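Heavy atoms only: backbone and side chains are in, while hydrogens, waters and symmetry mates are out. Each ligand, and each atom within it, is numbered from 1 in the order the structure gives. Keep in mind that this is a model prediction, so the values were computed, not measured. In this chain, residues are counted from 1 in sequence order.
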Amino acid sequence: MSERIGTCSCGQLRVICQGEPVRVSICHCHACQKRSGGPFAAQARWEKEKFRSEGVAKEWVRTGDEGTSATFRFCGTCGSTVFYTNDGMPDLVAVAIGAFCDTTLPTPVYSVYEDRMHPWVRLPDGIEHLA
Ligand SMILES: [Zn+2]
Ligand SMILES: [Zn+2]
């Protein structure tokens, strides 16, 4: 099975993911903008058993509007958030797609929090819009 390897900026924190992600999505919410430093965040979700990490991750827990918590794992040296888990989706791990620097990742299939989307952002054809 193929592997995809993602890293933080300095390379200390790595993720190794087997096969293809369950899905790739985009979130325009303010928390994702602040975390990623970009106009939106894009993440690929893998089943937990097809995911492993190496290196030292710092953790930060954020409780969202709906009351669920997400635990973000980032590198304490360079600060990149590489992956996170959400207690509403206990079987999946989300990896920030920038960690892979891989243009062969699947196109995002849904987009959320579009009410906070920057007006100049253009999304892929056929993407599902979820609020
Ligand atoms: Zn790093
Ligand atoms: Zn978000």
Discussion item. Below 2.8 Å, can you find an N, O or S atom of C29 next to the Zn ion (ligand 2)?
Written reply: yes
Discussion item. Is C32 close enough to the Zn ion (ligand 2) that one of its N, O or S atoms comes in under 2.8 Å?
Written reply: yes
Practice prompt. Return the minimal non-hydrogen interatomic distance between V95 and F51, and the atom names on each side.
Written response: CG2-CE1, 3.9 Å
Response to the item:
Between V22 and E47, the two heavy atoms sitting closest are CG2-CG, 3.7 Å
Worksheet item: More than 12 heavy atoms of other residues, nucleotides or ligands under 6.0 Å from NZ of K58: is that the case?
Response: no
Response to the item:
SG (C8) to the Zn ion (ligand 1) to SG (C10), nearest 10°, is 110°
Response to the item:
Test side-chain hydrogen bond (donor to acceptor under 3.5 Å, both in side chains), reference T85, set R45, R73, E59, output is R73
